[in-house]
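Below is one structure, written out as C-alpha cells; the observations come after it.
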Amino acid sequence: MRLLGIDVGGTFTDIFYNDTEEKQSFIHKTPTTTEDPSIGILTGISELAQSNNLVIEDIEHIFHGTTIGTNSILEFDGSIIGMITTKGYRDIIHIGRHQRPENYSIMQDIPWQARPLVKRRYRKTVTERMGPKKGEVIEPLNEDEVRTAINELKEQGVESIVVGLLFSYINPEHEERIVELIKEEYPEAFITNSSDISPQYREFERFTTASINGFIGPKVKSYINKLSSRLKEINMKADLHIMCSNGGVGTPESVASKPVNTLVSGPAAGVLGGAFAGSLSNKNNLITFDIGGTSADIGIVMEGKFGETSARDTWIAGYPVMVPMIDIHTIGAGGGSIAHVDEGGFFKVGPQSAGSFPGPACYGRGGKLPTVSDANVVLGRLDSDNFLGGEMAFYEDASHKVIEELAQELDMEKDEAAEGVLRVVNNNMANTIREKTIQKGIDPREFSLVAFGGAGPLHAVDVAKELQIPEVIVPPYPGINSATGLLTTDLKYDVVKTQFMLSNSLNLEMLNQDIQELEKELSDQLKKDNMKNESIHMNRFAECRYKGQGYELRVPLPDEDLNNENMNEVLKLFHEMHKKEYGHAFEEAIIEIVNIRVTGVGKMPKLEKEKIERSERLDDAKISSKEVVFRSKGKLQKIDTVHYQRELIPVGKALDGPAIIIQKDTTIVVPPGSQAVVEKFGNLLIKVGE
C-alpha cells in the first residue's frame with residue numbers, strides 16, 4: 001500500500017511517503033503557499049516524486065491535515081453569515097452565559113460580543129416552537145416568515161446561512177424544513193443546521209458551533225474542491241482523506257459540509273504521530289511536544305490513549321465549540337516567534353511570528369526582526385551547511401545583526417541575548433506543560449517527552465530538564481511528525497444524542513434503542529465511504545454528571561446491550577473518573593446521563609514499524625566539529641561540539657553530549673550531561689542530564 005501524508009503548517013508543508021510493501025519511506029518539506037496551500041501541496045508532491053523516482057499514479061491514499069478552517073477563525077477572516085432562529089431568541093449567541101471569560105477583569109475581551117460571528121442585522125427570527133421534553137410541536141413553523149427571512153439575507157449579501165432553533169436537538173423537523181426552503185430560495189448559500197452539526201442541549205454553544213461552521217465553511221469547501229481538482233490534474237488517483245479534530249479522518253464530502261470538525265486538524269495529527277513514536281519505544285505515557293514555525297502544541301497520551309476535550313473547556317479563538325477534539329493546548333511559540341520588548345519594558349518572545357514570508361532574518365527573505373530561529377543560529381545550534389539537508393541556505397550574518405540589535409536594546413552581550421530568547425520561550429512552553437500535567441494532578445516525571453516539529457528537538461531537552469522529565473524521544477522524522485501521524489489513523493465519525501436520564505430511574509430499553517439508531521447512522525455513513533463490515537467498529541459512551549452539576553465526563557459503555565449489571569459498572573467507573581479528574585467523588589449521589597455518544601471507526605491502511613540497520617561505527621556519522629554556546633556550570637561557554645548525521649548513527653551506541661544531530665527535517669540538540677542513543681525502530685532516545 002502506497003500512502004502519502006500531507007500536513008500544511010504555518011511555515012512549511014510537510015510530505016511523508018510510505019510504501020508498506022517495499023518498506024520504503026521518503027520525506028519532503030516545501031514552504032507553505034499561504035495564499036493558496038494547494039499550490040504548495042502540488043509543488044511538494046511533484047518534487048518528492050521527481051527526487052525519488054515515484055510514480056504519482058501509484059499512490060493509493062492521501063491523508064491531509066489542514067489549517068484553513070483554523071486560520072480562518074483565528075484571523076477572523078470568514079464569510080458573511082446569517083442566522084434563522086426561533087422568535088425571541090435572536091440574541092442567544094450575543095448574550096452567551098452568565099460566566100465571564102475573566103471573572104475579575106473590567107477590560108476583558110468577550111469574542112462573541114466584540115467580534116460576533118453573525119452580526120445582529122443578519123439574525124432573523126421565525127415563528128416556531130418545539131416542546132423541551134419530547135420534541136412535540138407546540139407552535140408550527142411559519143414558512144412564509146422563513147421565505148421572507150431567506151430573501152432578506154440573500155439581498156443583504158449573506159453567503160452562508162445558519163439555522164439554529166431552540167429545541168432542535170430533540171426534534172430537528174423544523175430545522176430540516178428550513179434547510180429545504182433555503183435550497184429552494186437561495187441554493188447558492190452554504191447551509192448549516194445546528195441539529196446536524198451538534199445535536200446537544202446548551203443552545204449558546206450549539207448555535208455558536210454551527211455559526212463557526214458557517215463562518216469557515218465556504219472557504220474550506222472552496223479549498224477542498226480546488227485541491228481535489230488540482231490533484232486530478234496531475235493524474236493523482238488516490239483517495240483523499242482529511243484529518244479531523246477527533247483524531248480520525250473524513251472524506252472530502254463530509255469535511256466540506258462540516259468543516260468545524262477540522263479546527264485542530266494538524267495538531268491532532270501531531271499527537272497521533274507522537275503516540276506512534278512512543279509505541280516504537282514501548283512507552284505509553286507521553287507528553288507530545290510539537291514546535292513549528294509559528295506555534296507550539298502540547299498533548300498528553302496516557303496508557304497509549306489521547307484525551308478529548310470536554311464541553312466545559314473546548315474553545316477556539318475564544319468561542320465555545322461542541323465537537324469532539326483531541327485535547328491539545330497551543331501557544332504562540334515557534335521558530336518564527338519574534339523576540340521584543342513590550343510597551344511596559346518587559347522582554348517577551350511571541351506570540352507574534354515572522355511566519356514563512358518574510359520569516360526569520362536567517363531565511364534571507366527580508367525579515368528584520370529577531371526570532372527564536374535567529375537565536376539558535378547565533379548560538380551555533382543550527383548549521384547553515386546542513387539546513388533542510390542542504391536544500392535551503394540561511395544567512396548567519398542576518399541573524400547576528402538582528403540579535404545584536406536586540407542585545408543593545410537589552411544592554412546585554414549578544415550571546416546572552418540569544419540565550420535569553422531561548423530561556424524565555426522554553427519557560428513559556430514548560431509552563432504550558434505544567435498546566436496540562438501538574439495542575440491536573442499528573443506528574444510529568446513519569447512521562448516521556450516526544451519532541452517533534454521543525455524546532456521541537458532544538459528545545460526539548462532544556463524544557464524536559466526544567467520539568468524534571470527523565471527522557472526525550474525524537475521520532476525518526478520529527479520535522480514531519482504530523483504528516484507521519486496522518487498515516488496512523490482511521491476513518492472516524494462521531495454522533496451524539498441528548499438523552500437526560502437519572503441513575504435511579506434508568507430506561508435501559510430507550511438507551512439501547514438510542515445506541516442502535518446512532519450506530520446504524522454511522523454504519524450507513526461508513527458503508528457509503530466504501531468500508532466493509534469487517535472494517536467497521538463502534539465505540540459507545542455516556543456523558544454523565546452528578547445531578548445538579550453543570551458539566552459532564554465521558555464514560556465508556558460496553559459493546560453489549562445495556563443491562564442492570566453492566567450499567568452498575570458504568571456508574572462505578574463514573575465515580576472513579578470523577579475522583580481522578582476532581583480529587584473527590586460522591587458515591588451515594590444520583591448520576592445523570594446527559595448525552596449518548598457513539599464513535600464509528602472504519603479501519604484504514606497504516607504506517608508500520610520498521611527496524612533499521614546501520615553501520616556500527618560512530619565515527620562514520622561525524623560531520624564536523626564546531627563551537628556551540630551552552631550554559632554550563634552556571635555560565636555561558638563556547639564548547640567544541642561534534643555534529644552527527646542522524647541517519648548514520650549506529651543503533652544502540654550511546655552518544656554523549658554536547659552534540660548536534662542533523663537530519664533533513666530538523667536539528668537535535670543534546671546538551672552537556674545528556675546522552676542519546678538510536679533505538680532499533682529509529683527513535684532517538686535522549687536521557688536528560690542533571
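A quick note: this is a predicted structure, and the numbers were derived from the prediction, not measured.
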Original post:
Is the backbone of Thr67 close enough, under 3.5 Å, to the side chain of Ser265 for a donor and an acceptor to pair up by distance?
Top reply: no
Original post:
Is the backbone N or O of Ile591 less than 3.5 Å from a side-chain atom of Ser503, with the two atoms forming a donor-acceptor pair by type?
Top reply: yes
Original post:
How about Thr498 and Gln200: does a side-chain donor come under 3.5 Å of a side-chain acceptor?
Top reply: no
Original post:
Between Glu519 and Val598, which heavy-atom pair has the shortest distance, and what is it?
Top reply: CG-CG1, 3.8 Å
Original post:
Looking only at side chains, do Arg90 and Thr125 share a donor and an acceptor under 3.5 Å apart?
Top reply: no
**OP:** List the atom of Thr262, the atom of Thr70, and the distance in Å for their closest heavy-atom pair.
**Re:** O-OG1, 3.9 Å
**OP:** For the residue pair Asn512 and Gln516, confirm or rule out a side-chain donor-acceptor distance under 3.5 Å.
**Re:** no
Subject >> Side-chain (Ser105) to main-chain (Met107) donor-acceptor, under 3.5 angstrom >> reply: yes
Original post:
Are any side-chain N or O atoms of Ser168 and backbone N or O atoms of Glu175, one a donor and one an acceptor, separated by less than 3.5 Å?
Top reply: no
**OP:** Taking ring pair (Phe, Tyr, Trp, His ring centres under 6.0 Å) as the test, write out the residues that go with Tyr104, two or more places apart.
**Re:** none
Original post:
Quick one: do Lys124 and Glu145 make a salt bridge, cutoff under 4.0 Å?
Top reply: no
Original post:
Does CD in Glu560 sit with more than 12 non-hydrogen atoms of other residues, nucleotides or ligands closer than 6.0 Å?
Top reply: yes
Original post:
Do the side chain of Asp290 and the main chain of Ala296 share a donor and acceptor less than 3.5 angstrom apart?
Top reply: no
Original post:
Roughly how far apart are Arg120 CZ and Ile93 CD1, rounded to 0.5 Å?
Top reply: 11.0 Å
For residues 317-329, run the donor-acceptor check on the side chains, cut-off 3.5 Å, and write out each pair with its distance to 0.1 Å, sequence neighbours left out.
unit_1, atom_1, unit_2, atom_2, d
Tyr319, OH, Arg115, O, 2.6
Asp327, OD1, Lys436, NZ, 2.8
Asp327, OD2, Lys436, NZ, 3.2

Original post:
Could you give all pairs that pass the ring-ring contact (aromatic ring centres under 6.0 Å, His included) test and reach residues 127-171, with sequence neighbours left out?
Top reply: none
Subject >> Distance-only donor-acceptor check, side chains Asp77 and Ser72, under 3.5 Å >> reply: no
Subject >> Check: Asn246 side chain, Gly248 main-chain N or O, donor-acceptor pair, under 3.5 Å >> reply: yes
**OP:** Flag yes if more than 12 heavy atoms outside Glu188 fall under 6.0 Å of its CD atom; otherwise flag no.
**Re:** yes
Original post:
Knowing that exactly one of Asn213, Val162, Ile73 qualifies, which makes a side chain to side chain contact (heavy atoms under 4.5 Å, CB included) with Leu117?
Top reply: Ile73
Original post:
Any donor and acceptor pair, going by atom type alone, linking the side chain of Arg123 with main-chain N or O of Val118 inside 3.5 Å?
Top reply: yes
Original post:
Centroid-to-centroid, His64 to His241, below 6.0 Å?
Top reply: no
**OP:** Return yes if a side-chain donor-acceptor contact under 3.5 Å exists between Gln156 and Glu152, otherwise no.
**Re:** no
Original post:
Between Asn284 and Lys305, is any side-chain donor less than 3.5 angstrom from a side-chain acceptor?
Top reply: no
Subject >> Pairs satisfying salt bridge (charged side-chain N to carboxylate O under 4.0 Å, His left out), at least one member in residues 239-249, at least two apart >> reply: none
Original post:
Would a line drawn from the ring center of Tyr89 to the ring center of Phe207 be shorter than 6.0 Å?
Top reply: no
Original post:
Just by modelled atom types, is the Asn225 backbone N or O under 3.5 Å from a matching donor or acceptor in the Ser228 side chain?
Top reply: no
Original post:
Under 3.5 Å, is there a donor-acceptor pair between the Thr599 and Asp494 side chains?
Top reply: yes
**OP:** May I ask you to decide if Asp561's main-chain N or O and Asn566's side chain share a donor-acceptor pair within less than 3.5 Å?
**Re:** yes
Subject >> Under the ring pair (Phe, Tyr, Trp, His ring centres under 6.0 Å) test, residues paired with Phe204 that sit two or more places apart >> reply: Trp112
**OP:** Taking side-chain hydrogen bond (donor to acceptor under 3.5 Å, both in side chains) as the test, write out the residues that go with Tyr546, two or more places apart.
**Re:** His575
